[in-house]
Amino acid sequence: MEKNYPEFLNREKKVQEHRLPDLRNVKGKVVMRMAPSPSGPLHIGHSRLGILNDEYVRRYGGELILRIEDTNPSNIDPNAYEQIPKDLEWLGVNSTQVVIQSDRMELYYREARRLLEQGNAYLCTCNTEEYKEKLAKSVACPHRSVSPHENLELFERVLMGEFAPGEIVLIIKTQLDHPNPSVRDWIAFRISEANHPRHGHKYRFYPMMNFSVAVDDHLLGLTHVIRGKDHINNTERQKFIFNYNNWTLPEYYHYGLVDFPQVVLKTSIIKKGIADGTYTGWDDVRLGSLLAFRKRGFSPETFRRYWIESGMREIDSEFSIEIFNAMNKEFIDQRTRRLFFVPDPVTLEISGAPHLKPVIQNHPSNRELGNRSYNLGKSPSVSIPGSDWASITDGEEFRLKDLCNVRKTGEAIAFVSTEPTGKRVKILQWCPIESHKFTVMKPDGDIDVGLMEPQGEKFRGVAQLERYAYVNVLSDEEGYFTHK
RNA sequence: GCUCCGAUGGUGUAGUCCGGCCAAGCAUAUCGGCCUUUCGAGCCGACGACCCGGGUCCGAAUCCCGGUCGGAGCACCA
């Protein structure tokens, strides 16, 4: 066989393993970063950023800097400073250093002065309307040609508080005739009098993201930057600062945008929803926050595998919850015990049954999870799912899993045998009469109510409720739907 | 409108840089079969894709040109 048809063997060996492409221009170790704004807890979109960066730092060695971009004081959730590192830890993303931008304001001022001195930046008091119109027409405003000396003086006056919000901004010169209008002279600092959670009113002239990012990417020694495609134009803008200072550019990568259908991610919407009671909190399972996925019992390994498989292409894609769930199932199934949950229960007596003492394995193959048993007595009553009962025809035989076979006789059931009869019949989960009420909250907002078998009472964590779904059991009364 | 980017089955991807081993791989979903310790898992099988049109070439998913469609940016947000 091997001698005659070697090509057959080669074909079968073609097993695909998803691996991220190598980075360009790696010299020894890499320095990378993930830079969320602290406007709330991390969501599934952030997880891609964290995991891709983390994967490369693991591959090449080096630093992964968590840089918290809090230079817009009016969009900060103070809890995020604590929550973001926790979210990353849960994901298994190891940052080696945490940098908080608002603690680096003096550095930004230093770099701003340098650019003013070079004549590569200017302060501008045009109103927004004028400014935009001029940019669109590639026309310079009078402030653009003010001398470095005057600009430096003016800059100090701005820091002293001589101007109100909206009255003045610091602008980076690029090319007024740049073919891409979004790259033309851009705003690098603006005044904000909002209270900053870390610094109160100490500062009032805050750098915009494009400025602080460029400065920090250089000062922190970034070798490679991975971020979403929505930053492509920002990269072009930031390059001007690198070039004015003769700084070495990092290698940039921009992965495509991911559409998350029917998942709520927008901070502003979530905040509003929490405030008006639509959502119970950041961990509301209808949301796409990592807290919500965690509450639903997802494994952090799933995020890693999913994003590695998605790769770094610039192509936009749609998040596939189907594939995500399937991956999660693979991770959790072996370690997940089984329990019987009966939604919308119908209670029936098994007439003519002998004394029943079922012993049920907690997992079909993982023996370490042990088993459970019940002493039900003769002709016990059990509950089965109402929808199943409705679909069974009169006289039809079916099996109560790990208990006995029965036959539907009108509105009751009759015992057939304890052992399977070898016939191909429906197999249903069931609950003894002492079962307790249990509620499952689903991510679409639906709620299923039913019975949980008595031995489920002590259990906490993710269980596979047989024939129903994987559910994260958080209390005796309540669980959260993971997936089918 | 301007600038940039992208396009492989229902979905997510591999392959595209350096054209042939791609009559296109994997996963997921769906359907069917086996299995009675699940309508789960597992195993087996089926279904199903290179956006369109030209060009170069012995040969194009891959290179070139044009088009179509989709996306991002054009904020005193990040």
Side-chain angles (χ1 to χ4, degrees), chain A residues 7 10-12 14-19 21 35-39 69-72 74-75 101 124 126-128 131-132 135-136 165-171 178-184 186-192 205-210 212-213 227-237 254 256-259 261 267-268 305-311 313-327 329-330 333-334 336 338 340 360-366 371 388 399 401-402 405 419-429 464-470 484:
Chain A
E7 65 277 11
N10 288 341
R11 279 238 160 144
E12 286 178 58
K14 244 187 174 178
V15 179
Q16 207 73 46
E17 190 194 330
H18 281 278
R19 188 174 188 270
S37 68
S39 52
E69 308 211 323
D70 59 345
T71 55
N72 178 9
S74 49
N75 185 29
Q101 287 195 316
C124 174
C126 296
N127 69 41
T128 310
Y131 168 72
K132 280 186 186 170
L135 272 192
E167 283 183 355
I168 193 163
V169 290
L170 188 148
I171 292 176
H178 197 286
N180 184 347
S182 65
V183 178
R184 294 174 194 162
W186 48 269
I187 297 175
F189 280 81
R190 86 303 200 181
I191 295 174
S192 170
F205 205 38
Y206 285 95
M208 306 288 291
M209 169 262 190
N210 274 308
S212 54
V213 163
R227 52 181 172 176
K229 204 176 147 185
D230 47 328
H231 285 292
I232 286 182
N233 285 311
N234 290 326
T235 301
E236 291 311 308
R237 298 204 263 223
H254 301 95
L257 254 72
V258 185
D259 179 34
T267 312
S268 52
R305 180 156 160 223
Y306 187 87
W307 292 127
I308 288 174
E309 175 156 329
S310 296
R313 304 177 70 197
E314 256 179 49
I315 172 178
D316 298 332
S317 62
E318 187 174 320
F319 180 76
S320 173
I321 193 71
E322 244 174 28
I323 289 174
F324 190 77
N325 287 347
M327 287 178 177
K329 190 191 311 189
E330 238 173 79
D333 187 72
Q334 267 307 301
T336 301
R338 272 53 174 163
F340 287 158
I360 308 165
Q361 276 184 225
N362 288 336
H363 190 282
S365 57
N366 183 353
N371 51 42
D388 284 315
R399 180 164 178 80
K401 187 166 183 283
D402 299 320
N405 280 29
E419 293 306 311
T421 55
K423 273 180 279 184
R424 193 150 192 83
V425 295
K426 279 182 185 149
I427 301 173
L428 310 184
Q429 83 276 32
Q464 189 202 93
L465 305 187
E466 290 201 37
R467 298 185 63 244
Y468 175 73
Y470 292 84
K484 276 295 244 187

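Across all strands, A:I168 comes closer than 4.0 Å to no nucleic acid atom at all (heavy-atom distances). Within the nucleic acid shown, A:S317 comes within 4.0 Å of sugar-phosphate atoms alone, with no base atom in reach, counting heavy atoms only. Contacts of A:P420 with the nucleic acid, taken as non-hydrogen atoms under 4.0 Å apart, involve only primed sugar atoms and P, OP1 or OP2. Residue contacts shown for A:I315 are limited to sugar-phosphate atoms, with no base heavy atom under 4.0 Å away. Residue A:G311 is classed as having no contact, given no heavy-atom separation below 4.0 Å to the nucleic acid. Among the protein residues, A:Q464 comes within range of the nucleic acid bases, having at least one heavy atom under 4.0 Å from a base atom. A:N371 comes within contact range of no nucleotide atom at all, as no heavy-atom separation falls under 4.0 Å. Residue-level contact check: A:E322 touches the bases, meaning some heavy atom is under 4.0 Å from a base atom. Among the heavy atoms of the strands, none lies under 4.0 Å from A:V213.
Looking at the side chain of A:T71, the nearest of the listed nucleotides B:G12, B:A78, B:U28 is B:A78. The side chain of A:S320 has B:G12 as its nearest neighbour among B:G12, B:G40, B:A78. Listed candidates were B:A78, B:U38, B:A27. Nearest to the side chain of A:I323 is B:A27.
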Heteroatom pairs (N/O) under 3.5 angstrom, protein to nucleotides 41-45 of chain B:
unit_1 : atom_1 : unit_2 : atom_2 : d
B:A41  : OP1    : A:K329 : NZ     : 3.1

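A:N72 and A:S74 are linked by a side-chain donor-acceptor pair at a separation below 3.5 angstrom, with hydrogens and angles left out of the test.
To the nearest whole angstrom, the two C1' atoms, one in B:G9 and one in B:A29, are 11 Å apart. Between B:C52 and B:A61, the distance separating the two C1' atoms is 14 Å to the nearest Å. Taking atom P in both B:C64 and B:C57, one finds a spacing of 16 Å when rounded to whole Å. Comparing the C1' positions of B:A72 and B:C17 gives an interatomic distance of 24 Å, to the nearest angstrom. Rounded to a whole angstrom, the distance from the C1' atom of B:U16 to that of B:C63 is 10 Å. Separating the P atom of B:C74 from that of B:G40 is a span of 48 Å, rounded to the nearest Å. When the P atom is compared between B:G25 and B:G66, the two are found 33 Å apart, to the nearest whole Å. Taking the C1' atoms as reference points, B:U30 lies 25 Å from B:A7, given to the whole Å.
Between A:I191 and A:I168, some side-chain heavy-atom pair lies under the 4.5 Å cut-off. For the pair A:D388 and A:K426, the minimum side-chain heavy-atom distance is 4.5 Å or more. Side-chain contact between A:V258 and A:E318 is absent, with no heavy atoms from C-beta onward closer than 4.5 Å.
For the pair A:F340 CZ and B:G40 P, the computed distance is 15 Å after rounding to whole Å. Straight-line distance from the CE atom of A:M327 to the P atom of B:G40: 20 Å, rounded to whole Å. A straight line from CD of A:E309 to C1' of B:G25 spans 13 Å, rounded to a whole angstrom. A straight line from OH of A:Y306 to P of B:U28 spans 14 Å, rounded to a whole angstrom. Distance CZ (A:R313) to P (B:U16): 10 Å, rounded to an integer number of Å. With rounding to whole Å, A:D70 atom CG is found 14 Å from B:C77 atom C1'. Straight-line distance from the CZ atom of A:F319 to the C1' atom of B:U13: 14 Å, rounded to whole Å. In this entry the distance linking CD of A:E314 with P of B:U13 reads 14 Å, nearest Å.
For the pair A:P179 and A:E466, nearest-nucleotide mapping onto RNA chain B gives the more 5' position to A:P179.
No close placement of the A:F189 and A:Y206 rings is indicated, their centers lying 6.0 Å or farther apart. Aromatic pair A:Y306/A:F319: centroids less than 6.0 angstrom apart.
Note on A:R190: a side-chain N or O is less than 4.0 Å away from OP1 or OP2 of B:C77. Taking only side-chain nitrogens and oxygens, A:R305 never comes nearer than 4.0 Å to OP1 or OP2 of B:A27.
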With sugar-phosphate taken as primed atoms, P, OP1 and OP2 and all else as base, the protein-contact string of nucleotides 62-75 of chain B at under 4.0 Å (heavy atoms; B, S, -) is ---------SSBBS
Given Watson-Crick and G-U pairs under 3.5 Å, RNA chain B in dot-bracket ([ ] crossing, | other strand) is (((((((..((((......[....)))).(((((.......)))))....(((((..]....))))))))))))....
